[in-house]
Amino acid sequence: VTEIDIQARKCPVCDSVANTLLYRQKFAQFAQGGLLSGYDIVTCNNCGFGYADHIPPQSWFDAYYRDLSKYEYPQRAGEESQCDRERYVHMSQYLAPFITPESNILDFGCATAGLLHELKQRGFGRVTGIDPSPTCSLAARKLYDINVLTTDLSTAHVPDKSYDLIILTGVLEHIVNVRSALQKMHGWLVKDGIIFVDVPDATAFSDWPDAPYQAFSTEHINFFSRSSLAAAMLRNGFGVVDQREVDRYYTRGTIMPSTIGIYRKVEVRVNATIPDMETQPCLLEYIRLSAQRENRIKLAIEAIVSSGEEIIVWGVGTHTLHLMETTNLTDANIVAFVDSNTNYQGNSLKGVPIISPQMLTQHKQPILISSRVFQTEIQDQIRNHLNLPNEIICLYDDIEGVEPR
Ligand SMILES: [Zn+2]
């Protein structure tokens, strides 16, 4: 991952070029390996779809997922969390009525293949995964004896008409060219084959406690609603079989609102525009709430900066990269960043080294947990796994008692 060629982007749903700017997201940069420096959150003036404009081309994202992927769970030796497992159970229950034991199933972007494992346990044994990260493939083989091909959309060689079901969970929100991706997969499906899509629901971002602007992550570049997802599917040769919204735990204390659906391969493409009137007001509300939440965090960080105290910051994901640009966290006396993702260890941020959790034994400074979604998990890791006595600074007190609707 090196040079970034930022491009203006056509609407991924309707190809229109006219859009409205809602918010400009910014990220701090690592010393080695360029990461996104930010993007514009816009809605399409023609169809209403919400998406990130001025982003690098797909090849840049492909390299990012291959080299810096965080879906390998190194802190759990490749195993998913309890919340992930619950999500896989829910998804398999939803999928079961649409498939048979003979169905040939492909999970595109399967991470360590937890969902395929769950389907296999239920008697749906013809399963294959695709993931760009080679580590995911090794973990899937070791944990579940499931075959995961290491490839991405541009290099995948999948024979035409070979699958009855293609699974796309947490994938479409990451893809630059949604239309070409869906058209490729249309070809991979047998006649009447189905596709299962599960994406974050942009119309519900503001319904749940979240770190400010966290939904505009370094990886999410498409912000679907139920209607814009349907429009994308219809335009690329899929009919709607079922659609619904679900609120599921991402981690304890964090709800991920999703819009999910089953779509069937058809031979017609519906090009009529079905305008999405919901996404723009919902994103604007989320941005308003994020600004409010960020003001509270700015005060907390202000106090740390003015104390001049040495601190360690845990986490170099979207949360930290965003705060480094929008608050004066960069002015804090940070002696080290910590991250469980081995791909970041050895790199540096604003001249400060990124170290592994294990290296923390050499440091006595307070640890600022720079994450809402993993705040509880990181606290647990510090106290109960690493057994460290360091003071812990948390930015969020709204994690307990969050429950799905
Ligand atoms: Zn559009």
Side-chain angles (χ1 to χ4, degrees), residues 12 57-67 69 71-72 88 91-92 95 98-120 124-141 143-199 219 221-222 229 232-239 241 260-269:
Q58 186 66 53
S59 56
W60 183 92
F61 286 93
D62 291 344
Y64 168 81
Y65 292 116
R66 190 186 60 229
D67 302 334
S69 159
Y71 300 99
E72 299 144 0
Y88 296 147
M91 287 172 182
S92 340
L95 286 171
F98 299 99
I99 48 178
T100 71
E102 286 72 46
S103 296
N104 201 15
I105 301 170
L106 174 69
D107 187 345
F108 188 89
C110 65
T112 54
L115 174 56
L116 291 179
H117 172 66
E118 183 61 36
L119 286 166
K120 218 170 134 185
F124 306 107
R126 298 181 66 198
V127 297
T128 307
I130 286 182
D131 199 276
S133 157
T135 322
C136 284
S137 170
L138 291 172
R141 166 78 55 215
L143 292 168
Y144 309 123
D145 192 27
I146 287 176
N147 187 29
V148 173
L149 311 168
T150 303
T151 182
D152 54 48
L153 206 55
S154 53
T155 52
H157 291 294
V158 178
D160 263 7
K161 299 188 171 65
S162 46
Y163 289 99
D164 300 285
L165 164 66
I166 295 175
I167 296 170
L168 287 179
T169 67
V171 169
L172 274 191
E173 71 272 30
H174 297 259
I175 288 178
V176 178
N177 195 332
V178 173
R179 302 204 66 178
S180 73
L182 289 175
Q183 284 166 22
K184 216 169 206 182
M185 287 174 198
H186 189 275
W188 298 350
L189 283 171
V190 300
K191 186 175 185 296
D192 297 328
I194 55 170
I195 196 160
F196 168 56
V197 182
D198 184 321
V199 287
E219 302 190 350
I221 52 173
N222 301 314
L229 178 58
M233 299 310 290
L234 291 168
R235 279 175 176 269
N236 294 290
F238 296 92
V241 177
I260 69 172
I262 303 267
Y263 307 87
R264 193 176 300 283
K265 172 174 175 165
V266 290
E267 297 312 323
V268 287
R269 292 186 195 165

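For clarity, every value in this text was computed on a predicted model and none was experimentally measured.
In this structure T128 satisfies the side chain to side chain donor-acceptor pair (under 3.5 Å) test with no other residue, sequence neighbours excluded. In this structure, the side-chain contact (heavy atoms from CB on, under 4.5 Å) partners of R264, at least two apart in sequence or on a different chain, are D192, I194, V241. For F196, the ring pair (Phe, Tyr, Trp, His ring centres under 6.0 Å) test picks out Y94, with sequence neighbours left out. For F238, the ring pair (Phe, Tyr, Trp, His ring centres under 6.0 Å) partners two or more places apart in sequence, or in a different chain, are H186. By the side-chain contact (heavy atoms from CB on, under 4.5 Å) test, E118 is found to be paired with Y88, V89, S92, R122, residues two or more places apart in sequence or in another chain being considered. Under the rule for a side-chain contact (heavy atoms from CB on, under 4.5 Å), the partners of V158 that lie at least two apart in sequence or sit in another chain are I130, A156, S162, Y163, W188. With sequence neighbours excluded, the residues satisfying salt bridge (Lys or Arg N to Asp or Glu O under 4.0 Å) with D198 are R248.
Heavy atoms only, all atoms of each residue included: D62 and S154 are closest at OD2-OG, 3.3 Å. Taking every heavy atom of both residues into account, A181 and L153 meet most closely at CB-CD2, 3.3 Å. When all heavy atoms of C110 and D131 are compared, the pair lying nearest together is N-OD2, 3.5 Å. Nearest heavy-atom pair across L234 and G239 is CD2-CA, 4.3 Å. Closest approach of L182 to A232, counting heavy atoms only: CD1-O, 3.8 Å. Nearest heavy-atom pair, V148 versus A140, reported as atom, atom and distance to 0.1 Å: CG2-CB, 3.4 Å.
For the atom pair CG (N236) and CD (Q183), the distance works out to 4.5 Å, reported to the nearest 0.5 Å. Rounding to the nearest 0.5 Å places CD1 of I105 at 6.0 Å from CD1 of I167. Here the CG atom belonging to L168 is positioned 10.5 Å from the OH atom belonging to Y263, to the nearest 0.5 angstrom. In this structure, the separation between NZ on K265 and CG on L189 is 6.0 Å, given to the nearest 0.5 Å.
Residues L165 and S103 are not in side-chain contact: their nearest non-hydrogen atoms beyond the backbone lie 4.5 Å or more apart. Side-chain contact between R269 and R235 is absent, with no heavy atoms from C-beta onward closer than 4.5 Å.
The list of salt bridge (Lys or Arg N to Asp or Glu O under 4.0 Å) pairs with a residue in residues 171-189, not counting sequence neighbours, reads D15-R179. Residue pairs meeting the salt bridge (Lys or Arg N to Asp or Glu O under 4.0 Å) criterion with at least one member in residues 143-170, sequence neighbours excluded, are R141-D145.
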